[in-house]
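Each remark here refers to the structure printed beneath this line.
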Amino acid sequence: MTAGLTTAQLIEKHLPTLDQALDAIRSRAYWSPYPEHPKAYGADGQGVPGSLGAAEGQAAFDALRGRRFELDQPGTDGWSATESSPYGLELGVEYPHADIDVLLPALRAAVPAWREAGPKARAAVCLEILARINARTHEIAHTVMHTSGQAFMMAFQAGGPHAQDRGLEAVAYAYAAQTAVPGSAQWSKPQGKRDPLELKKEFTAVPRGVSLLIGCNTFPTWNGYPGLFASLATGNAVLVKPHPRAVLPLALSVRIAREVLAEAGFSPDLVALAAERDGEGIAKALAVRPEIRIIDYTGSTAFGDWLETNARQAQVFTEKAGVNTVVVDSTDDYKGMLSNLAFSLSLYSGQMCTTPQNLLVPREGIGTDAGHKSYDEVVADLATAVEKLLGDDARANALLGAIVNDQVGARIDAAAQLGEVALASRSVANPDFPGATVRTPVIVKLDGAKPDAEAAYFSECFGPVAFAVAVDSAADAVELLRRTVREKGAMTVGAYTTSPDVERLIEEACLEECAQLSLNLTGGVYVNQTAAFSDFHGTGGNPAANAALCDGAFVASRFRTVEVRRPA
């Protein structure tokens with residue numbers, strides 16, 4: 001894109017992709033415009049047109065380190081640096097610190113022209129931003145890796161194309177919601193022998209104003225892009241407040257967005273960065289500012305609850321903590337079940353909001369295609385499957401990534417004191433990054449009938465920690481599942497059963513308690529992974545989150561339709 005490219009030209013360029021995205025959210029079939037394999041981006045830009053190849057992406061990331069990250073946005077009153085790579089790599093990036101009393105008025109002033117551009121032009125600009133981000137996926141992958149601790153391949157896919165998919169999905173939902181009402185209508189009401197009453201009516205999607213995105217440490221782009229692009233596509237300005245340990249991926253996204261907006265003839269201040277100084281904690285102050293009309297947040301339940309209670313002037317979307325549960329009743333593919341669960345527990349060291357934590361297994365055991373397996377055998381065999389999966393250190397590093405902070409490591413050690421350890425966590429050396437803390441999962445056996453065990457399994461233990469909870473029966477497992485989702489929330493529920501009756505009970509529990517369910521996964525699809533345009537991430541119907549990524553409710557309240565009517 002060259003400077004001065006009109007919105008009409010952007011619409012022509014991106015309308016086919018938008019149309020395909022709209023088809024995808026209706027059909028729920030697989031689709032993505034963004035390649036997920038690094039080789040698709042070519043060597044030195046020979047893959048996706050204009051993209052950075054692997055070497056170029058590495059060089060671009062290296063060029064960001066050890067210097068100031070210039071944004072040329074209003075109100076800069078200093079600089080801040082708060083990140084440290086979980087892999088031990090020195091980052092040394094300084095970000096502009098903003099005087100909010102200067103920056104917020106600039107964001108508000110940018111909104112009217114953006115509102116007047118209309119839904120189609122806004123969608124086209126958003127798609128150009130995403131296309132620019134996609135072309136720099138190799139660079140962004142390194143920024144995600146060295147702020148979140150994800151292994152490179154996961155950082156590339158989840159932090160790159162999969163995050164971009166979620167952003168585009170939000171744009172598609174936003175466009176569909178805004179265009180559900182026509183821009184204008186001729187209204188004529190018959191009056192019998194008299195002339196009809198005639199009016200011309202015009203309808204405009206009016207944004208709420210300024211949106212605040214409060215980023216998370218573990219998935220800064222994947223969790224950040226939906227709110228960013230949902231608000232931007234509906235006409236709002238967006239203030240991005242990254243997690244202090246994961247600034248770079250979102251700062252780079254903000255820089256790209258500002259460049260595209262300026263080139264398209266809009267104020268770059270429609271998107272701005274609010275980096276904070278160490279220990280400053282500006283999210284709470286920002287959240288209650290009267291200028292902030294929308295908030296997107298991913299993080300702890302405590303702060304999410306605080307936002308929902310105190311940020312009364314804003315529409316608040318939260319994803320908080322939950323206790324994800326898998327019911328293990330029976331299976332016709334015992335080996336496949338164990339392999340699938342082992343991968344789910346290990347991926348990114350369990351540092352995902354969708355990772356299973358509680359595995360509910362009848363104490364009398366389960367039926368399988370390999371014969372009856374006792375509770376002890378199921379747990380021991382799962383431990384063996386995890387050990388086999390992570391037995392090779394190179395493979396373990398590629399799956400586990402690095403522990404994102406000391407609190408996760410402390411939870412791993414504390415979990416081993418809560419019950420009988422079926423699988424002890426071990427440290428894995430990373431020869432490429434000696435400073436990385438890499439830990440394998442711990443599996444702890446608990447008796448669900450004992451009250452003292454409930455304190456362990458009935459709260460989220462974020463990280464590579466799994467509790468194998470012995471229950472009296474499948475019916476008891478379903479009842480515990482219901483109670484867990486109702487009181488603690490869950491982003492995901494998994495189940496294994498060959499019984500139609502048990503399957504019906506589990507499905508009914510998830511429908512009534514509003515939780516996403518995955519049944520009998522034994523292949524290459526895992527309970528803690530979701531696909532944009534097809535799978536919903538969360539439901540918004542239990543305490544783990546008040547919104548789903550992505551559905552109509554995620555975008556509809558970010559704007560209002562204002563009508564102007566006059567005589568025809």
Side-chain angles (χ1 to χ4, degrees), residues 148-149 214 216-219 222-223 243 245 297-308 318-327 341 344-360 400-401 403-419 425 439 441-446 448 451-469 471 477 480-494 510 513-518 526-530 537-549:
S148 71
I214 303 175
C216 69
N217 192 176
T218 48
F219 287 89
W222 199 98
N223 278 104
H243 191 284
R245 289 194 294 264
Y297 167 77
T298 301
S300 71
T301 295
F303 191 57
D305 289 346
W306 185 92
L307 287 171
E308 292 170 359
T318 60
E319 181 187 316
K320 302 175 288 189
V323 178
N324 301 318
T325 301
V326 177
V327 175
L341 284 173
S344 295
L345 296 177
S346 302
L347 185 62
Y348 184 33
S349 301
Q351 297 169 126
M352 304 172 68
C353 62
T354 50
T355 300
Q357 175 181 300
N358 293 345
L359 311 175
L360 309 185
L400 294 169
I403 297 300
V404 70
N405 57 49
D406 293 341
Q407 290 77 22
V408 174
R411 281 193 289 272
I412 298 171
D413 296 334
Q417 312 303 316
L418 298 174
S425 174
R439 297 285 298 273
V442 58
I443 301 176
V444 179
K445 298 166 72 172
L446 296 173
D452 59 338
E454 183 174 303
Y457 67 74
F458 211 59
S459 60
E460 185 187 46
C461 192
F462 186 76
V465 176
F467 297 116
V469 183
V471 295
L480 179 54
L481 167 66
R482 279 183 179 274
R483 183 173 160 234
T484 302
V485 176
R486 183 184 307 128
E487 297 183 24
K488 298 298 181 179
M491 295 299 294
T492 57
V493 173
C510 289
E513 304 302 336
C514 213
Q516 309 292 15
L517 172 63
S518 297
Y526 305 94
V527 67
N528 44 346
Q529 296 176 317
T530 59
H537 176 73
T539 64
N542 69 64
N546 73 0
L549 304 180

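The one candidate from Val408, Val442, Leu345, Leu400 that meets the side-chain contact (heavy atoms from CB on, under 4.5 Å) condition with Pro464 is Val408. Looking at Thr301, Thr298, Asp305 one by one, the single match for side-chain hydrogen bond (donor to acceptor under 3.5 Å, both in side chains) with Lys320 turns out to be Asp305.
Here the closest non-hydrogen pair linking Asn358 and Tyr457 is ND2-O, 2.7 Å. Considering all non-hydrogen atoms of both residues, Asn542 and Gly489 come closest at OD1-CA, 3.2 Å. Taking each heavy atom of Ser344 and Tyr526 in turn, the nearest pair found is OG-CB, 3.6 Å. Cys216 approaches His243 most closely through the heavy-atom pair C-CB, 3.7 Å. Counting all heavy atoms, side chain and backbone alike, Glu319 lies closest to Cys353 at OE2-SG, 2.8 Å. Contact between Pro356 and Leu359 at its shortest, heavy atoms only, is CB-CD2, 4.4 Å.
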Please evaluate residues Asn324 and Asn528 with respect to the criterion side chain to side chain contact (heavy atoms under 4.5 Å, CB included), reporting the C-alpha separation (whole Å), side-chain torsions for both, the decisive distance (0.1 Å), and the verdict. CA-CA 9 Å; Asn324 301 318; Asn528 44 346; over 6 Å; no

If you apply the rule side chain to side chain contact (heavy atoms under 4.5 Å, CB included), what do you find for Glu454 with Leu480, and how did you get there? CA-CA 11 Å; Glu454 183 174 303; Leu480 179 54; over 6 Å; no

Is there a side chain to side chain contact (heavy atoms under 4.5 Å, CB included) between Lys488 and Glu460 once you walk through the steps? CA-CA 8 Å; Lys488 298 298 181 179; Glu460 185 187 46; over 6 Å; no

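From Asn223, atom CG reaches atom CG of Asn217 across 11.5 Å, with rounding to the nearest 0.5 Å. Between the CZ atom of Phe462 and the CD1 atom of Ile412 there is a distance of 11.0 Å, given to the nearest 0.5 Å. Atom CG of residue Leu517 and atom OG1 of residue Thr325 lie 11.5 Å apart, to the nearest 0.5 angstrom. Note that the CG atom of Asp452 and the CG atom of Leu418 stand 10.0 Å from one another [nearest 0.5 Å]. Residue Ser425 holds its OG atom at 10.5 Å from CD1 of Ile443, rounded to the nearest 0.5 Å. Of the inter-residue distances, the one linking Glu513 atom CD with Arg482 atom CZ reads 5.5 Å to the nearest 0.5 angstrom.
Classified by interplanar angle (parallel below 30°, tilted 30° to 60°, perpendicular above 60°), the ring pair Trp306/Phe303 is parallel.
At least one side-chain heavy atom of Asp413 sits under 4.5 Å from a side-chain heavy atom of Arg439.
One N or O on the side chain of Gln351 and one on the backbone of Val404 form a donor-acceptor pair closer than 3.5 Å. Not one N or O on the side chain of Gln516 forms a donor-acceptor pair closer than 3.5 Å with the backbone of Val527. At least one donor-acceptor pair under 3.5 Å links the side chain of Thr539 to the backbone N or O of Cys514. Counting only distance, with no hydrogens or angles, the side chain of Thr492 and the backbone of Thr354 share a donor-acceptor pair below 3.5 Å.
Counting heavy atoms of neighbouring residues, nucleotides and ligands inside a 6.0 Å radius, atom CG of Asp406 does not exceed 12 of them.
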